[in-house]
Protein chains: 2
Amino acid sequence: MSDLSRFSFNSETARHWPLPELIDAAARSGLGGVGLWREPVQETGIDRIARLVRAVGVVVTSLCRGGFFTAADAAARRDRIDDNRRAVEEAARLGARTLVLVCGGLPPGSRDLAGARRMVADAIAELAPFAGEHGVVLAIEPMHPMYCSDRSVISSLRQARLLAEQFPADQVGVLVDAYHVWWDPGLFDELALLGQRTAGFQVCDWITPLPAGVLTGRGMMGTGCIDLRTLRQAVERSGYRGLTEVEIFNAYLWELPGHEVLAQACRRYLAHVV
Amino acid sequence: MSDLSRFSFNSETARHWPLPELIDAAARSGLGGVGLWREPVQETGIDRIARLVRAVGVVVTSLCRGGFFTAADAAARRDRIDDNRRAVEEAARLGARTLVLVCGGLPPGSRDLAGARRMVADAIAELAPFAGEHGVVLAIEPMHPMYCSDRSVISSLRQARLLAEQFPADQVGVLVDAYHVWWDPGLFDELALLGQRTAGFQVCDWITPLPAGVLTGRGMMGTGCIDLRTLRQAVERSGYRGLTEVEIFNAYLWELPGHEVLAQACRRYLAHVV
């Protein structure tokens with residue numbers, strides 16, 4: 001099998017696979033990294049996972065997730081900022097390069113989109129220096145506009161870039177996830193403008209019909225309509241030096257044994273992305 | 001009931017209601033217009049509908065739909081342009097102000113998004129003078145990015161505006177549908193730039209969770225998270241002088257008697273839009 005050293009496997013792609021097995025298998029397959037989520041890491045133990053990734057020699061390309069900054073009352077927003085501080089600390093302990101921010105949708109019953117976007121900007125302004133001190137980049141993930149009301153009011157690369165640029169690059173960057181941005185008419189212009197602000201790059205594919213709730217319908221690379229190779233080339237041409245991470249939420253894949261999902265992801269990465 | 005003279009009812013909102021009854025009820029309720037679809041108009045008879053709307057004194061704010069310009073082979077693209085010419089002629093016979101363009105997604109198996117977008121631009125360039133000669137404005141409808149692969153590769157207001165501006169304003173404009181554009185971080189800037197290029201304005205609401213296939217989950221005004229009043233004000237401030245049309249695809253509403261749906265739409269228009 002060809003070189004997988006610039007490939008990273010996000011654990012949610014095989015969400016029922018115990019993390020120690022997943023990390024070990026990723027390393028044995030020659031992958032350069034893994035992407036992790038807070039809850040399973042906490043269940044296994046942060047320090048245990050930190051020792052394990054160091055022992056097998058993979059980097060943690062991302063820790064998911066911080067964010068969810070939008071809430072109707074100030075006390076709830078304060079709780080979320082506090083939780084994001086803990087997430088930054090966890091990322092630092094894991095040696096993760098980024099903490100991914102899913103910034104939050106509209107508070108329940110609200111129609112104040114501009115207000116929700118201000119809440120996000122305010123929260124990032126408060127957290128950015130803290131992240132920088134911990135050597136962690138806050139990676140703002142612009143999410144597909146179909147999630148604007150319930151997951152993230154940050155809906156385009158341009159919007160994420162303009163927000164990130166208010167802060168030093170070692171504190172705040174942008175996560176480019178193919179699934180969320182492939183449709184954007186300004187995609188390639190924005191990638192060029194992002195340059196080294198790109199703090200992470202994730203791939204999967206866009207397939208239709210979308211399932212109810214539109215959360216678990218992502219496809220393996222090559223099964224959908226995103227030109228992933230051209231996208232990866234543009235991301236790297238703009239100055240991104242990090243790994244390419246696969247992150248797929250798919251109800252069908254979750255039923256498969258983890259090692260099968262990993263093998264499939266590696267094959268499809270080599271066939272459709274590099 | 002207050003003034004509904006600037007309100008228009010799109011027939012797909014009550015899709016099982018026979019068109020003559022729908023048009024008559026809209027006029028009796030004091031509405032200024034109706035939005036129509038080609039197939040039910042053809043079933044009833046174009047000239048019969050044309051006579052009816054004139055007799056009861058409502059305007060046809062839009063005819064849906066032209067477009068679907070993207071196809072893998074030239075012959076199929078030619079067929080679609082021919083069909084769009086017929087649609088323009090039908091719009092003219094009805095006295096419709098606009099023909100709505102749902103421009104088409106990626107051809108099956110294609111990942112060439114830029115190529116599909118060129119197909120759309122080429123088709124509009126061919127049709128624009130023909131539309132102008134018939135007194136019909138081609139209204140490019142930027143559709144929500146969740147439809148990019150299968151319904152329209154025109155995904156943002158800015159993209160639609162830049163395309164429309166290549167042609168005279170009496171030939172090509174932009175349809176602003178709240179459902180498709182409410183999330184756009186550049187929304188209000190774009191509305192101002194559109195000015196009188198805005199060829200139509202449609203409302204409904206964004207509700208979650210989205211249903212499988214994401215086609216029939218639109219909400220009545222006021223049931224979701226779009227600030228429709230602010231949006232309408234911005235559209236009108238930019239120079240739009242046309243009517244506000246309600247167009248809702250909702251499986252639950254389709255089961256209700258048409259007159260109930262119309263009454264509900266009128267109440268909610270007055271409560272949440274004007």
Side-chain angles (χ1 to χ4, degrees), chain A residues 105-117 142-163 179-188 205-217 219 222-231 272, chain B residues 105-117 142-163 179-188 205-217 219 222-231 272:
Chain A
L106 286 167
S110 170
R111 296 188 180 103
D112 183 7
L113 190 49
R117 286 168 170 164
M143 295 192 79
H144 195 287
M146 69 187 177
Y147 302 118
C148 185
S149 71
D150 55 2
R151 304 191 98 69
S152 180
V153 292
I154 307 299
S155 306
S156 76
L157 273 178
R158 175 179 162 82
Q159 183 192 17
R161 176 178 60 79
L162 293 176
L163 179 51
Y179 193 75
H180 294 307
V181 304
W182 74 278
W183 58 270
D184 191 335
L187 177 60
F188 293 100
D205 219 330
W206 179 271
I207 52 176
T208 54
L210 295 166
V214 300
L215 280 175
T216 60
T223 61
C225 62
I226 308 178
D227 184 347
L228 291 167
R229 180 168 290 114
T230 300
L231 181 53
H272 298 282
Chain B
L106 286 167
S110 169
R111 297 189 180 101
D112 183 8
L113 189 51
R117 285 168 170 164
M143 295 192 78
H144 194 285
M146 68 186 177
Y147 302 117
C148 186
S149 71
D150 55 3
R151 304 192 98 69
S152 180
V153 293
I154 307 299
S155 307
S156 75
L157 272 179
R158 174 180 163 81
Q159 182 192 17
R161 175 178 60 80
L162 293 175
L163 179 50
Y179 193 74
H180 294 307
V181 305
W182 74 278
W183 58 272
D184 191 335
L187 177 59
F188 293 99
D205 219 329
W206 179 270
I207 52 175
T208 55
L210 295 166
V214 300
L215 280 176
T216 59
T223 61
C225 61
I226 308 178
D227 184 348
L228 291 166
R229 180 167 290 113
T230 300
L231 181 53
H272 298 281

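Every heavy atom of this structure was used, including side-chain atoms; hydrogens, water molecules and symmetry mates were not. Chain naming here is simple, since letters A, B, ... match the order of the sequence lines and numbering starts at 1 in each.
- The two residues A:W182 and B:L106 come nearest to each other via the heavy atoms CZ3-CD1, 4.1 Å.
- With B:R111 contributing its side chain and A:L228 its backbone, the two residues share no donor-acceptor pair below 3.5 Å.
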Kindly indicate, with the supporting measurements, whether the criterion side chain to side chain contact (heavy atoms under 4.5 Å, CB included) is fulfilled by A:M146 and B:L210.
CA-CA 9 Å; A:M146 69 187 177; B:L210 295 166; 4.3 Å; yes
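- Inspection of the B:W206 and A:S149 side chains reveals an N or O donor paired with an N or O acceptor under 3.5 Å.
- With a 4.5 angstrom heavy-atom cutoff, B:D227 touches chain A via backbone and side-chain atoms both.
- For a residue to count as touching a neighbouring chain, one of its non-hydrogen atoms must lie under 4.5 Å from one of that chain's; by this rule B:P211 touches chain A with the backbone only.
- Nearest heavy atom pair, residue A:S156 against residue B:P185, reads OG-CG, 3.9 Å.
- In this structure, chain A has a heavy atom under 4.5 Å from the side chain of B:R117, while its backbone stays farther away.
- For the pair B:H144/A:P145, a side-chain contact is recorded, criterion being any heavy-atom separation below 4.5 Å from C-beta on.
- Note that CD of B:Q159 and CH2 of A:W183 are 9.0 Å apart. Values are rounded to the nearest 0.5 Å.
- If you tally non-hydrogen atom pairs under 4.5 Å between each of A:G105, A:S155, A:G109, A:A114 and chain B, the highest count goes to A:S155.
- Only the backbone of B:D184 has a heavy atom closer than 4.5 Å to any heavy atom of chain A.
- Only the side chain of A:T208 comes within contact range of chain B, judged by heavy atoms closer than 4.5 Å.
- The candidate from B:S110, B:P209, B:G217, B:C148 with the greatest count of non-hydrogen atom pairs under 4.5 Å with chain A is B:C148.
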